[in-house]
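In what follows, a single structure is set out as structure tokens and then discussed.
Sequential numbering from 1 along the given sequence is applied to the chain's residues. Below, all heavy atoms of this structure are taken into account, side chains as well, without hydrogens, waters or symmetry copies. On a predicted model such as this, the values are computed, not experimentally measured, just so you know.
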Amino acid sequence: MAKSPEEEHPQKVFGWAARDSSGSLSPFPFSRRENADGDVTIKVLYCGVCHSDLHFVKNEWGITNYPIVPGHEIVGVVTKTGKSVTKFNKGDRVGVGVMVGSCNTCETCQQDLENYCPKVIFTYNSPNHDKTKTYGGYSDMIVVDHRFVVRFPDNLPSDSGAPLLCAGITVYSPMKYYGMTEPGKHLGVAGLGGLGHIAVKIGKAFGLKVTVISTSPAKEDEAINRLGADSFVVSTDPAQLKAAMGTMDYIIDTVSAVHALAPLIGLLKLNGKLVTVGLPNKPLELPIFPLVLGMRIQQLTILYVLFFFPSFKITVTMKSKINLFLK
């Protein structure tokens, strides 16, 4: 007979869990494993609320295994380390992101690319090595393999820095990978949610000219006066779209709802790059002619798509540049 979440492991933990797709969280007592030789035990101080947490809580992707304790933007303090752990000490401020384990033996793991591992273990809603389910950072403590723990910089606030552990790396990694960092170049940021906020800040830190592209005119003041964007385009305004056509070197598309890609592609210059980091729950239509005729590149940054959506496929019937980038 299977044990209850509260009885699976020795250490008692308090968390907040969703038990169904209503979107409500309620108190949830459960348990975590004892700290092993390679583990770090962390007292959770802060945990960001990622949009994927909301998708999972409401089962919008159809893969939630209730009950679920969300949270994968975790900042806390080390309370215990295993005897083989040398990078961390008790009292260190640390962070935990979207992954807490992998097979450690495959080719990608050996190259420090554990996020590509076919047996990657996610911080919540994922089977652990012992076949029990992982629970996330909406809780008071967590035990994590030290290889998936990062030291938190002294000059970075715990609360505002927590979202960098998912949202931050989601936009920073593809921007670095695809060379979207040349000072003076023009970056468009589609969507001004959690990912969009950070994309604007990172773009400005790279010295880029940043334009926010949004369906919400009310967000213009926040984009420009609070976040430092240089300009704002309302994507539902044909006149504004026409004026901005062919002006952007890069666009990072953070929109998680179903939306048209053609208007974004039209904003790109020759050889422009469109990187998609949002995860809509339905397919997006990808027009090929604008890509081919404008020598534009559509890059899909798929967050853990092999785990979340094992049947994901993209079919291209015309010759064009399509790259899949798994963060």
*Are side-chain N/O atoms of Ser231 and Thr211 paired as donor and acceptor at under 3.5 Å?*
yes
*Mind checking what makes side-chain contact (heavy atoms from CB on, under 4.5 Å) contact with Thr132, not counting sequence neighbours?*
Glu8, His9, Asn128, Asp130
*Is there a donor-acceptor pair under 3.5 Å between the side chain of Lys133 and the backbone N or O of Asn65?*
yes
*Donor + acceptor pair across side chains of Arg147, Ser102 (<3.5 Å)*: no
*Is the closest basic N to carboxylate O distance between Lys43 and Asp140 below 4.0 Å?*
no
_Looking at every heavy atom in both Leu241 and Leu267, which two are closest together, and how far apart are they?_
O-CD2, 3.7 Å
*Which heavy atom in Val98 sits nearest to a heavy atom in Cys166, and how many Å separate them?*
CG2-SG, 3.7 Å
*Side chains of Phe152 and Val94: does their closest heavy-atom pair fall under 4.5 Å?*
no
*Between Glu222 and His197, what is the shortest heavy-atom contact and its length?*
OE2-NE2, 2.8 Å
*Going by the ring-ring contact (aromatic ring centres under 6.0 Å, His included) test, which pairs reach into residues 65-104, not counting sequence neighbours?*
His72-Tyr124
_So that I can tick it off, tell me whether Arg33 and Asp39 are bridged by a salt bridge, with the cut-off set at under 4.0 angstrom between side-chain N and carboxylate O._
yes
*Got a second to check how far Arg151's CZ is from Leu156's CG, nearest 0.5 Å?*
14.0 Å
*Val96 reachable from Val143 in the ILVMFWY side-chain graph, under 4.5 Å edges*: no
*Salt-bridge test for Asp230 and Lys209: reply yes if a basic N is under 4.0 Å from a carboxylate O, no otherwise.*
no
*Under 30°, 30 to 60°, or over 60°: which ring-plane class applies to His55 and His51, parallel, tilted or perpendicular?*
parallel
*Which pairs, with at least one residue in residues 24-44 and sequence neighbours excluded, count as a ring-ring contact (aromatic ring centres under 6.0 Å, His included)?*
Phe28-Phe30, Phe28-Tyr135, Phe30-Tyr135
*asked:* Can you confirm whether Asp159 sits close enough to Leu45 that some side-chain heavy atom of one is under 4.5 Å from a side-chain heavy atom of the other?
replied: no
*Return the minimal non-hydrogen interatomic distance between Cys50 and Glu73, and the atom names on each side.*
CB-OE2, 3.9 Å
